[in-house]
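Written below as structure tokens is the structure these notes are about.
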Amino acid sequence: MSDPIQPRGPRHRGIYLLPNLFTTGAMFSGFYAIVSAIGGDYQTAALAVFVAAILDGMDGRVARMTNTQSEFGVQYDSLSDLVSFGLAPALVLYTWSLSSLADYGQVWGKIGWAGAFIYAVCAALRLARFNTQVGVADKLYFQGLASPAAAALCMSFVWTMVKFDVPGPTVAFFALPMAVIAGLLMVSNVRYYSFKAWPKGDRVPFIWLIAAVLIVVLLLIDTARVLFAVAVIYTISGPVMTLWGRAAHRRRVRRHARVPGGS
């Protein structure tokens, strides 16, 4: 009699290398931002977060182009985002500015690290909520400020201040509410345009090319301030768009109520 056939063990499924390399690069950039901030090189720390944002924007596109999307990639990307856009900006802000609030007393010192923690935990909550809404959320809009945009707001501010030799402790009472507001906007119901559905076709109006060239030129002239201005405008656009939409909805309801026979 022949030997009984031994049952095969479970096959180990591999992971897609290319998109996860971009995700790893984004996480490394976030980690490097933390290391740079600990060493006092805050401009490099801010720049590293922007590099992480670029790599984070590429990994999903690469996965879709190469048809290598996976649940592992989605979860790994979220963990990378937590490091790069949650922990890194919070720690950079704290070491650069918010830690100096301890000079005003023990209570202010606690408020300083609490502000940084609020930003970090809101980033984690925002990413967790985003993961639970994948597949059902409107792709045209984000619910709440995206974590890369919140990180861009905070890090462009740090970069701008460092560039103009403004010490972090002198703007601590501005950095504190900015961190808290950015964090709360991440977990809010404020709608932000996602740009995921733009452009809709391969062709775009010629004026868009001119606008893109102007933006690139401005970035080359003064990268830090242009990034900060763009981040501020985008952050404000969410509440403005949400309030405008609610006002328009109320006007439609009132017009409908005036129509004879309207319910």
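Everything quoted here is computed from the prediction, not taken from an experiment.
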**Message:** So, taking the atom named CG in Asp77 and the one named CG in Asp59, what distance separates them when rounded to the nearest 0.5 Å?
**Reply:** 4.5 Å

**Message:** Are Val171 and Trp96 packed together at the side-chain level, in the sense that at least one heavy-atom pair is separated by less than 4.5 angstrom?
**Reply:** yes

**Asked** At what distance, to the nearest 0.5 angstrom, does CD1 of Ile34 lie from OG of Ser36?
**Response** 10.0 Å

**Prompt:** Yes or no on side-chain contact (heavy atoms from CB on, under 4.5 Å) for Leu145 and Tyr234, after CA distance, side-chain angles and deciding distance?
**Reply:** CA-CA 9 Å; Leu145 183 63; Tyr234 182 72; 3.8 Å; yes

**Request:** May I ask you to decide if the ring planes of Trp159 and Phe50 are parallel, tilted or perpendicular, using 30° and 60° as cut-offs?
**Result:** tilted

**Prompt:** Is it true that the side chains of Asn131 and Ser78 contain a donor and an acceptor less than 3.5 Å apart?
**Reply:** yes

**Item:** CA sep, side-chain torsions, deciding dist, call: Cys154, Tyr119, side-chain contact (heavy atoms from CB on, under 4.5 Å)
**Value:** CA-CA 10 Å; Cys154 296; Tyr119 176 92; 4.0 Å; yes

**Full working for side-chain contact (heavy atoms from CB on, under 4.5 Å) between Phe142 and Val190** = CA-CA 8 Å; Phe142 289 128; Val190 175; over 6 Å; no

**Side chain Thr170, main chain Val166, donor-acceptor under 3.5 Å** = no

**Item:** Side-chain heavy atoms of Ile111 within contact of Leu176, under 4.5 Å
**Value:** yes

**Fill in**
When rounded to the nearest 0.5 Å, the distance separating CG of Leu243 from CZ of Arg191 is 11.5 Å

**Prompt:** Quick check: does any side chain N or O of Ser80 sit under 3.5 Å from a backbone N or O of Thr23, one acting as donor and the other as acceptor?
**Reply:** yes

**Message:** A side-chain contact here means heavy atoms from C-beta on lying under 4.5 Å apart; do Tyr76 and Glu71 qualify?
**Reply:** no

**Request:** Provide the closest heavy-atom pair for Phe31 versus Val83 in the form atom of the first, atom of the second, distance.
**Result:** N-CG1, 4.2 Å

**Item:** Main-chain N/O of Arg129 paired with Thr132 side-chain donor or acceptor, under 3.5 Å
**Value:** yes

**Message:** Is the shortest side-chain heavy-atom distance between Pro148 and Asp56 below 4.5 Å?
**Reply:** yes

**Fill in**
Shortest non-hydrogen pair, Ala231 vs Ser156, comes out as CB-OG, 4.0 Å

**Prompt:** Do Tyr104 and Phe173 pass the ring-ring contact (aromatic ring centres under 6.0 Å, His included) test, and can you show the C-alpha distance, the side-chain angles, and the key distance before you say yes or no?
**Reply:** CA-CA 11 Å; Tyr104 297 94; Phe173 286 100; 5.2 Å; yes

**Prompt:** Where do Arg126 and Gln143 come nearest, in terms of heavy atoms and distance?
**Reply:** NH2-O, 3.8 Å

**Closest heavy-atom pair and its distance - Leu184, Cys122** = N-SG, 4.1 Å

**Item:** Shared hydrophobic cluster, Ile233 / Ile215 (ILVMFWY, side-chain heavy atoms < 4.5 Å)
**Value:** no

**Message:** Return the CZ to CE distance between Arg246 and Met241, rounded to the nearest 0.5 Å.
**Reply:** 11.5 Å

**Met178-Leu91 co-clustered via ILVMFWY side chain contacts under 4.5 Å** = no

**Message:** A side-chain contact here means heavy atoms from C-beta on lying under 4.5 Å apart; do Ser237 and Tyr193 qualify?
**Reply:** no

**Prompt:** Of all heavy-atom pairs between Val158 and Tyr42, which one has the smallest distance, and what is that distance?
**Reply:** CG1-CB, 4.2 Å

**Request:** Before giving the answer on side-chain contact (heavy atoms from CB on, under 4.5 Å), spell out for Trp113 and Lys110 the whole-Å C-alpha distance, their side-chain angles and the decisive distance to 0.1 Å.
**Result:** CA-CA 5 Å; Trp113 63 254; Lys110 293 180 179 179; 3.8 Å; yes

**Request:** Take atom NZ of Lys163 as the centre, draw a 6.0 Å sphere, and report whether it contains more than 12 heavy atoms from other residues, nucleotides or ligands.
**Result:** yes

**Polar side-chain atom of Thr95 near backbone of Ile38 as donor-acceptor pair, under 3.5 Å** = no

**Prompt:** When clusters are formed by joining ILVMFWY residues with side-chain heavy atoms under 4.5 Å apart, either directly or through shared neighbours, do Leu214 and Val216 land in the same one?
**Reply:** no

**Message:** Side chains of Met186 and Leu125, heavy atoms from C-beta outward: is any pair under 4.5 Å?
**Reply:** no

**Prompt:** Would Leu101 and Phe174 show up in the same hydrophobic cluster when neighbours are defined by side-chain heavy atoms closer than 4.5 Å?
**Reply:** yes

**Item:** Donor on one side chain, acceptor on other, Thr242 and Tyr192, under 3.5 Å
**Value:** no

**Item:** Lys NZ or Arg CZ of Arg225 over Phe164 ring: under 6.0 Å, within 45°
**Value:** no

**Request:** Write down the atom of Leu55, the atom of Ser29, and the distance for their closest heavy-atom approach.
**Result:** CD1-OG, 4.0 Å

**Asked** Is the backbone N or O of Leu93 less than 3.5 Å from a side-chain atom of Ser97, with the two atoms forming a donor-acceptor pair by type?
**Response** no

**Common cluster, Leu153/Leu87, ILVMFWY with side-chain heavy-atom separation under 4.5 Å** = no

**Prompt:** Are the side chains of Phe85 and Val49 in touch, meaning some heavy atoms are under 4.5 Å apart?
**Reply:** yes

**Request:** Take the angle between the ring planes of Phe228 and Phe157 and call it parallel below 30°, perpendicular above 60°, tilted in between.
**Result:** tilted

**Prompt:** Does Leu219 reach the side chain of Leu227, with side-chain heavy atoms less than 4.5 Å apart?
**Reply:** yes

